[in-house]
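Inspection log for the structure reproduced underneath, given as structure tokens.
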Amino acid sequence: MASGRGATRGPSAARRPSSASSGRGSTSKGAAKNGASTKPSAKSSGRPPAKNAPKGGAKGGARGGGRRPSAAADRSLDRTRRAFARRQRARRWLTWRYVLAAVLVVALAGFATYAVYFSPWLRTESVRVEGTSLVPRDQVLATAKVPVGEALMSVDITSVERRVESLAAVKDVDVTRSWPHSISIKVTERVPVAVLELGGRRLALDAAGTAFTAPSRAREGLPRMRVGATADRDALQEGASVITALAPDVARMVDYLEVRTIDEIVLHLRGGRLVRWGSAEQSSDKARVLLALLTRDARVYDVSVPGAPTTR
């Protein structure tokens, strides 16, 4: 019996381990299916956990385990950023600089225009006249017609000069602006060399043959000139050329010069003596020859041909 029970348990016992083994096998399969690790954990194995283990798995370890940039790299990056910012500011300033320069030029031009033409700062307040002795100053001012009270820049200098030059006694004139409030008129007068007797009038005559009015003090001591009815401007110029060619001692001996024609000029000396001059050509040679002939006692001296002078 006993052996029978044992025999009966025997097969059953033999089947149990197989069932356990089967259960372990199925458990292993289930664990494998669920992805559970079959390796023992560090805690269960009794080993301590690794230090500085990366958190968050493999990806977290990749982030946290990378090397941080060095301090030199940080400084280089900062310098690069600052240099870029400087270049940006320089480009903006370059653009604004041209705009500001243009605005400044326009503003200055507008201010200058206002100051010169419209403001009371640069008005014509006075007129100065220089270099006059034959022409009265009041006559020059009346002829010039400078618009006192207007902008100094608006005064037509050329027109003022032209009006003053219309005075016969004025040889040349220079009109300038004297900033900030004055006009300057500098006159060059003609120099009389003879007194022209024409139609009962006495006029001063300069070396160019121009006749003009002059005060009596300017005509004192000058030789007189008389012209024929047919004498013209050229004849006056020829007579003036003869007078200017005379030596001062001879000029003082001349009572008057008669211009009959352009080729017939006669000097009337004091004491009744006569000099036949001819034309104004070679006047310098004729004056030198006459100075030598005057040492002779004669009534008429002919120097019309300076190389062959005669007396009688």
Side-chain angles (χ1 to χ4, degrees), residues 97-222 225 227 232-241 243-244:
R97 183 173 61 183
Y98 289 118
V99 174
L100 290 175
V103 171
L104 182 61
V105 169
V106 172
L108 288 176
F111 177 77
T113 301
Y114 168 76
V116 171
Y117 289 99
F118 303 104
S119 74
W121 307 328
L122 301 174
R123 297 290 182 184
T124 306
E125 296 180 358
S126 62
V127 182
R128 294 201 310 267
V129 179
E130 303 175 10
T132 57
S133 61
L134 303 178
V135 184
R137 179 180 180 276
D138 292 341
Q139 185 179 0
V140 174
L141 291 176
T143 306
K145 297 179 181 179
V146 176
V148 176
E150 293 187 5
L152 192 63
M153 195 64 187
S154 300
V155 177
D156 190 345
I157 298 299
T158 303
S159 296
V160 174
E161 288 181 346
R162 187 164 52 247
R163 288 192 290 269
V164 176
E165 284 178 346
S166 66
L167 297 172
V170 175
K171 182 179 181 181
D172 191 22
V173 62
D174 182 27
V175 180
T176 57
R177 297 180 181 89
S178 299
W179 300 96
H181 300 297
S182 182
I183 291 291
S184 177
I185 302 176
K186 188 174 182 179
V187 175
T188 301
E189 295 178 326
R190 300 183 184 278
V191 179
V193 297
V195 178
L196 177 63
E197 294 180 347
L198 183 64
R201 300 174 58 197
R202 287 193 171 190
L203 302 174
L205 189 73
D206 71 350
T210 301
F212 56 95
T213 57
S216 58
R217 57 180 173 78
R219 303 192 304 265
E220 291 179 359
L222 294 178
M225 179 186 297
V227 296
D232 55 9
R233 172 68 181 273
D234 292 337
L236 295 178
Q237 187 172 0
E238 292 287 298
S241 298
I243 291 176
T244 56

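Predicted model only: the values in this text are computed from it and were never measured.
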Exercise answer: donor-acceptor pairs, residues 195-211 side-chain atoms, under 3.5 Å, sequence neighbours excluded:
residue : atom : partner : partner atom : Å
E197    : OE1  : R226    : NE           : 2.9
E197    : OE2  : R202    : NH2          : 3.3
E197    : OE2  : R224    : NH1          : 3.1
D206    : OD1  : A208    : N            : 3.2
D206    : OD1  : G209    : N            : 3.2
D206    : OD1  : T210    : N            : 2.8
D206    : OD2  : R190    : NH1          : 3.0
T210    : OG1  : R233    : NH2          : 2.9

Shortest non-hydrogen separation from V173 to V187 and the atoms involved: CG2-CG2, 4.3 Å
Side chains of L134 and P215 in contact at under 4.5 Å (non-hydrogen atoms): yes
Least distance between heavy atoms, W121 atom then H181 atom: O-CE1, 2.7 Å
Interatomic distance, L141 atom CG to I185 atom CD1 [nearest 0.5 angstrom]: 6.0 Å
Sequence neighbours excluded, every pair satisfying salt bridge (charged side-chain N to carboxylate O under 4.0 Å, His left out) that has a member inside residues 107-135: none
Verdict with supporting geometry, T176 and I157, side-chain contact (heavy atoms from CB on, under 4.5 Å): CA-CA 7 Å; T176 57; I157 298 299; over 6 Å; no
Nearest non-hydrogen partners of T113 and F118, listed with the distance: O-CD1, 3.7 Å
Donor-acceptor contact below 3.5 Å, side chain T124 vs main chain E150: yes
Aromatic plane relationship, F111 with Y114 - under 30° parallel, 30 to 60° tilted, over 60° perpendicular: tilted
Any side-chain heavy-atom pair of P192 and R219 under 4.5 Å: no
Worked check of side-chain contact (heavy atoms from CB on, under 4.5 Å) between M153 and L122: CA-CA 8 Å; M153 195 64 187; L122 301 174; over 6 Å; no
Test item: L152 and P180 side chains (from C-beta on) under 4.5 Å apart, heavy atoms: no
Side-chain heavy atoms of K145 within contact of V160, under 4.5 Å: no
Any donor-acceptor N/O pair, R137 side chain to T132 backbone, under 3.5 Å: no
Nearest heavy-atom neighbours spanning A151 and Y117: CB-O, 3.7 Å
S166: side chain to side chain contact (heavy atoms under 4.5 Å, CB included) partners, not counting sequence neighbours: T143
